[in-house]
Amino acid sequence: MKKIISVILCCLITLTVIVSCSDNTNVNTADGVTTASDVQNEETEIMDNLPDSNFEGYTFTVLTIVDSIGIEEADGEVLNDAEYARDVKAEERFNIDIEAEFHENYAEVTAQFKKAVAAQTDDYDMVFIHMVEGASIASSGHYYPINDLEYIDIDKIWWDDDAENGFRIGGKLFLAAGDILPDTLLRTSCMAFNKNLFDNYNLTYPYQPAYDGKWTLDDLSALTKDITRDLNGDGQITEKDDLFGLTSWYLDSPYSFYYGAGGTIIKKDEYDMPELNLDIEKNLAIYMKIYDVVITNNSNYHTDINTYENAYSTFYEGRALFCEIALTHLSGDKWRNMEQDYGIVPIPKFDAEDGKS
């Protein structure tokens with residue numbers, strides 16, 4: 001059976017999804033107003049529209065760096081077991097055997113993929129590739145357009161609309177992200193805050209502004225303004241010994257704050273082609289707010305890629321009010337075993353009226 005090599009950060013083995021439709025919105029009826037509490041267990045079945053097929057035990061091979069597919073067994077971890085159950089359902093439905101060829105780093109995956117394409121082999125059915133590595137070879141003719149594949153419906157809810165818009169060029173989509181790869185969702189940026197320090201300084205947790213959609217860079221700046229200080233009295237502020245309003249890593253936080261504030265480097269023209277966003281006034285305004293938070297407020301802004309973990313250690317050790325992180329950090333042992341209590345809020349917006357969050 002001839003395999004078609006395609007890079008699809010997506011759900012080729014999509015299953016039926018059940019989506020709850022209840023919310024807190026009042027609904028007008030003939031008899032008056034019905035609240036969400038009156039509408040219980042209402043479900044809508046969303047079909048994947050895939051044909052009934054039997055592939056007679058075919059081995060479906062995935063080239064990957066992440067262990068999110070080809071799970072060997074359930075182990076009690078919620079995410080692992082959900083991924084395992086997904087694989088089993090797909091295997092039973094289509095009579096296939098899902099296997100993963102796992103590599104330790106992104107470069108190895110890209111090299112193996114390019115090698116397979118050059119040799120025109122049928123080694124892989126699907127590839128999970130890093131977005132930077134994958135994008136760098138998107139123009140080299142290695143990919144087949146995902147939106148030209150017969151059984152891929154990019155409008156289904158298990159696809160990431162924002163990723164699709166970013167990856168699509170001139171109506172052609174060569175990379176995509178979706179629910180099949182939870183790692184893409186776990187890379188969502190957020191802010192961790194130290195509840196003990198908030199209590200010590202009599203500060204109000206920022207949950208309510210976040211819930212109300214009014215959590216802004218100005219709020220973050222105000223909370224971190226007077227926090228950084230010399231704890232050991234040596235006359236210097238060092239990341240190993242002292243207290244900071246914010247600790248972060250230079251290859252993450254600038255992007256998180258910029259995009260969270262609604263900044264965009266690229267926009268699309270009428271032909272779905274990328275072009276530079278030259279809204280200098282808006283970009284400058286965003287930059288100045290980020291500058292206040294990171295530089296003016298003397299944060300621990302870590303710029304050494306070889307010791308980036310120090311930025312997070314400062315928070316683990318209870319010496320930072322805030323830390324910019326991705327959700328995936330929270331699964332690590334250091335975060336799970338952190339002695340001090342912490343909370344999570346989104347990346348702040350540009351201002352309270354901004355639709356971005």
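Given the structure is predicted, the values throughout are model-derived calculations rather than measurements.
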Quick one: closest heavy-atom pair of [X] and [Y], and the distance?
X	Y	value
M191	P346	CG-O, 3.6 Å
I169	P274	CG2-CD, 3.9 Å
F128	V109	O-CG1, 3.6 Å
Y207	G343	OH-CA, 3.3 Å
C190	A326	SG-C, 4.4 Å
I69	I98	CG1-CG2, 4.0 Å

What's the verdict on side chain to side chain contact (heavy atoms under 4.5 Å, CB included) for T328 and R187, showing C-alpha distance, side-chain angles and the deciding distance? CA-CA 6 Å; T328 187; R187 289 306 307 171; 3.1 Å; yes
Keeping the roles fixed (side chain from [X], backbone from [Y]), state whether a donor-acceptor pair exists under 3.5 Å.
X	Y	value
T224	G245	no
D241	N232	no
N277	K267	no
D160	A177	no
D87	G70	yes
D333	N337	no
N196	Q340	no
D81	G76	yes
H302	T307	yes

Nearest 0.5 Å please: distance from the [atom1] atom of [X] over to the [atom2] atom of [Y].
X	Y	atom1	atom2	answer
Y255	S189	OH	OG	12.0 Å
L79	E77	CG	CD	8.5 Å
I266	M273	CD1	CE	11.0 Å
E239	R319	CD	CZ	8.0 Å
D279	T264	CG	OG1	7.5 Å
L220	N297	CG	CG	8.0 Å

Are [X] and [Y] linked by a side-chain donor-acceptor pair shorter than 3.5 Å?
X	Y	result
N95	E56	no
Y205	D199	yes
T216	D351	no
E133	T110	yes
E309	Y316	yes
S256	E324	yes
S313	N310	no
N298	T228	no

With hydrophobic residues grouped by side-chain heavy-atom distances under 4.5 Å, do [X] and [Y] end up in a single group?
X	Y	answer
I280	F257	no
Y342	F244	no
V66	V78	no
Y250	I237	no
I325	L185	no

Does D48 form a salt bridge (charged side-chain N to carboxylate O under 4.0 Å, His left out) with R93? I'd like the steps, not just the answer. CA-CA 13 Å; D48 55 36; R93 176 177 173 181; 2.7 Å; yes
Near [X] [atom1], under 6.0 Å, is it more than 12 heavy atoms from other residues, nucleotides or ligands?
X	atom1	result
E275	CD	yes
K195	NZ	yes
K268	NZ	yes

When the aromatic ring centroids of [X] and [Y] are compared, is their separation below 6.0 Å?
X	Y	answer
F60	Y124	no
Y312	H329	yes
W335	F315	yes

Passes side chain to side chain contact (heavy atoms under 4.5 Å, CB included), Q112 versus V127? Steps please. CA-CA 10 Å; Q112 283 296 112; V127 180; over 6 Å; no
Using salt bridge (charged side-chain N to carboxylate O under 4.0 Å, His left out), reason through D123 and K115 one step at a time and then give a plain yes or no. CA-CA 10 Å; D123 293 341; K115 181 180 178 181; over 6 Å; no
Taking 4.0 angstrom as the limit, do R168 and D272 come out as a salt bridge? yes
Side chain to side chain contact (heavy atoms under 4.5 Å, CB included) between I154 and D161, intermediate numbers included: CA-CA 8 Å; I154 202 67; D161 292 339; over 6 Å; no
Does the side chain of [Y] come within less than 4.5 Å of [X]'s, by heavy atoms?
X	Y	result
Y308	T303	no
K156	N49	yes
E72	N80	no
I227	L246	no
E83	I180	no

Only pairs under 3.5 Å count here: list side-chain donor-acceptor contacts from residues 284-292, not counting sequence neighbours, and write none if there are none.
unit_1, atom_1, unit_2, atom_2, d
K289, NZ, D218, OD1, 3.0
K289, NZ, D218, OD2, 2.9
D292, OD1, T296, OG1, 3.3

Is the F113 ring parallel, tilted or perpendicular to the Y143 ring (thresholds 30°, 60°)?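 Plane angle between 30° and 60°, so tilted.
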Any idea how F322 and F193 line up, ring-wise: parallel (<30°), tilted (30 to 60°), or perpendicular (>60°)? tilted
Taking it one step at a time, do F198 and L321 satisfy side chain to side chain contact (heavy atoms under 4.5 Å, CB included)? CA-CA 7 Å; F198 263 75; L321 190 67; 3.4 Å; yes
Can you name the residues that form a ring pair (Phe, Tyr, Trp, His ring centres under 6.0 Å) with Y258, not counting sequence neighbours?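 By the ring pair (Phe, Tyr, Trp, His ring centres under 6.0 Å) rule, Y258 matches no residue at all.
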Nonpolar side-chain network containing Y84, other nodes, edges under 4.5 Å: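 Result for Y84 is I71, V88.
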